[in-house]
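Just so you know, ligand 1 is whichever comes first in the structure, and atom 1 is the first atom listed for that ligand.
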Amino acid sequence: MSRQGDQITWVRETQHLDFMDALRQLADRAGIDLHEDANAGPARKERQEAMTAMDRAVTWYHERLLNSPDARPAREYLRSRGLSGDVARQFKLGWAPDEWDALSTALKLNEKVLSDTGLGFVNKRDRRQDALRARVIFPIFDPSGKAIAVGGRILPSSGNEPRPDGRIEPKYKNSPETPIYSKRRTLYALNFAKDDIVKSGEIIVCEGYTDVIAFFTAGMPRAVATCGTALGEDHFKIMRNFATRIVLAYDADSAGQSAAASVYQWESQHEVDVFVAKLPKGTDPAELAQRDPAALQESIENAAPFLRFRLDRVLEGANLKTAEGRVRAGESAMHVLAEHPNELVRDIYIQDLVGRLGLDQDILRARVREIAGNPASGRFVRSPMSLRLSAARVQPCPVRGSRRCVSSCTALPL
Ligand code: UTP
Ligand code: MN
C-alpha cells in the first residue's frame, strides 16, 4: 500500500480502520459533524457522552479489580486461570462489585447514559441499577482502542446457583446493542491484535474472551473473538482489511459448524482463506494454552482449509473397513463437498476421496453435481421405513454405477 495520499488513507493505513471509521476519527479531531443521518448533530453528542461514560466505567471497574478488597476472589479466580496482574492490566479487566448501583452512583450516570451504554437501567422502584454485579469485566474496544461495551463473567463459586426466582444466572452477561456498540460489527481484542495480525497476515478467531487472552499469553497476539454472535459477513468485511488467512479456533465440539455455504461465499467475495484449527476433543484454546501452549501453537500452524476440515470430520467418524461404511462415508462426504461452489475445488477433493474410499471417480462427480443441484436429494436415512422410501427413489448407485440403486444393492445408503 502506498504511504502517500490523503489523510483518510493515512489514518486507514496506520490505524487499520475502514474508510468510515477513519473519516469519523478525522472529523472528531477537527470537531466537524459528519451528517450520517438526520439527527447527526445531537446523535453525535449523545454518542460522545456514551463513549465517555463507557471509558470512565471501564477505568472504574479496572481500578476496583486491581485495588478493592472485595475483588480478591476475582483476582484469585483470574490467577487460577493463569491470568496474571499484567494480563489484567493489558486487557484492562475489571470487577463489578456485588452491589445494586455502585457504578451508576460513583460515576453519577443518568438514565439516558445508562441506556445508551447498556451499563444500567432504572428499575421498577425508580432506582438506578447497574447491569453487571459480582462479575469479572472484559471490556470491549473498537479497533482504535475506545471502550464501547463490556462482558461480565460470574465467579465459579456463584455459578449456576438458582436465583430466588428460580432462574440460573448466565455465565456471561454482555452489553446489549447500543448506539455505540454493534455486535455483528465488533471483534473483541482487534484493537490489541491488529499489529500482529498485519505483521503475520493471519487472524485467529475464537469463541470467548478467555480464549483470545490465552492466545496472547501463549505468544500468538493475533486472536479476536465474536461477541456473543455467530461469525458473519460484517466480521469478514472487517477482517479482510487486516489479513487474508483466517483461522477459526473454536472449541472442538463446535469447530467447522459455521454455516458452510456462507463461509465459502465470503471466502471468494472477500478474497480470504478460512482454516480451522483442530483442537483435542473437549478442550478450548484457553484450557489448552494453560496445559500445553506448544500444542495450541501447532493446532494453528496445522489448521486445515475449512472444506478439508469438514471432510476429515466425516471420514474420522466413519467405518472404512466395510464397503457399506465406505459408501456411507462417501455419501456424507459428497453432501459436504456439494456445499462448495467451485467445481475445480470439489474435483481436487474428489480425487483424494477416490483414493481413501475406493469409490469410482465419475460416480462421485455425478453424485456431487446431483446434490449440488438439489441439496435435499438422497440424504441417507436411518429408519427402516424411510429406508424403503429412499430405495424407491431413483438415484445412481454409488458403487455399481447403474442408473438406479435398487433395494438388493449392498451399496444402498443405510
Ligand atoms: P463459553 O461458554 O465457551 O465460554 O462461551 P468460555 O469462553 O469458555 O468461558 P470461560 O473460559 O469458561 O470463562 C464462549 C463465549 O460465548 C459467550 C461469551 O462471549 C463467551 O466468551 N457467552 C457464553 C455468553 O455471551 N453468555 C453465556 O452465558 C455464555
Ligand atoms: Mn469455551
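A 6.0 Å sphere centred on CD of Glu111 holds no more than 12 heavy atoms belonging to other residues, nucleotides or ligands. Shown here is Arg127, whose CZ atom has no more than 12 heavy atoms of other residues, nucleotides or ligands within 6.0 Å.
There is a protein heavy atom less than 4.0 angstrom from atom 21 (O) of ligand 1. Closer than 4.0 Å to atom 14 (C) of ligand 1 lies at least one heavy atom of the protein.
For the Mn ion (ligand 2), the N/O/S atoms of Asp284 include one lying under 2.8 Å.
If you number the atoms of ligand 1 from 1 as listed, the ones under 4.0 Å from a heavy atom of Arg153 come out as 10 (P), 12 (O), 13 (O). The distance from ligand 1 to the heavy atoms of Asp284 drops below 4.0 Å at these ligand atoms: 8 (O).
Among all non-hydrogen protein atoms, the one lying nearest atom 25 (O) of ligand 1 is Asn174 ND2, 2.7 Å. Nearest protein neighbour of atom 16 (O) of ligand 1, counting heavy atoms only, is Glu207 O, 4.0 Å. In terms of protein heavy atoms, atom 1 (P) of ligand 1 is closest to Lys171 NZ, 3.8 Å. When hydrogens are left out, the protein atom nearest atom 3 (O) of ligand 1 is Asp251 OD2, 3.9 Å; that is the closest non-hydrogen contact. Regarding atom 27 (C) of ligand 1, its nearest protein heavy-atom neighbour is Tyr172 N, 3.5 Å.
The shortest side-chain heavy-atom distance between Pro143 and Asn191 does not fall under the 4.5 Å cut-off.
Between Asp211 and ligand 1, a contact under 3.5 Å exists for no N or O pair.
For Tyr209 and Phe91, the ring centers are positioned 6.0 Å apart or more. Aromatic rings from Phe306 and Tyr264 are positioned such that their centres are separated by under 6.0 Å.
The closest approach between a heavy atom of Arg81 and any atom of ligand 1 is below 4.0 Å.
In this structure, Leu93 and Ile213 approach most closely via the heavy-atom pair CD2-CD1, 4.2 Å.
The side-chain tip of Arg245 points at the ring of Phe275 from less than 6.0 angstrom away and within 45° of straight on.
Between Arg135 and Asp98 there is no salt bridge, since no side-chain N of the basic residue sits under 4.0 Å from a carboxylate O of the acidic one.
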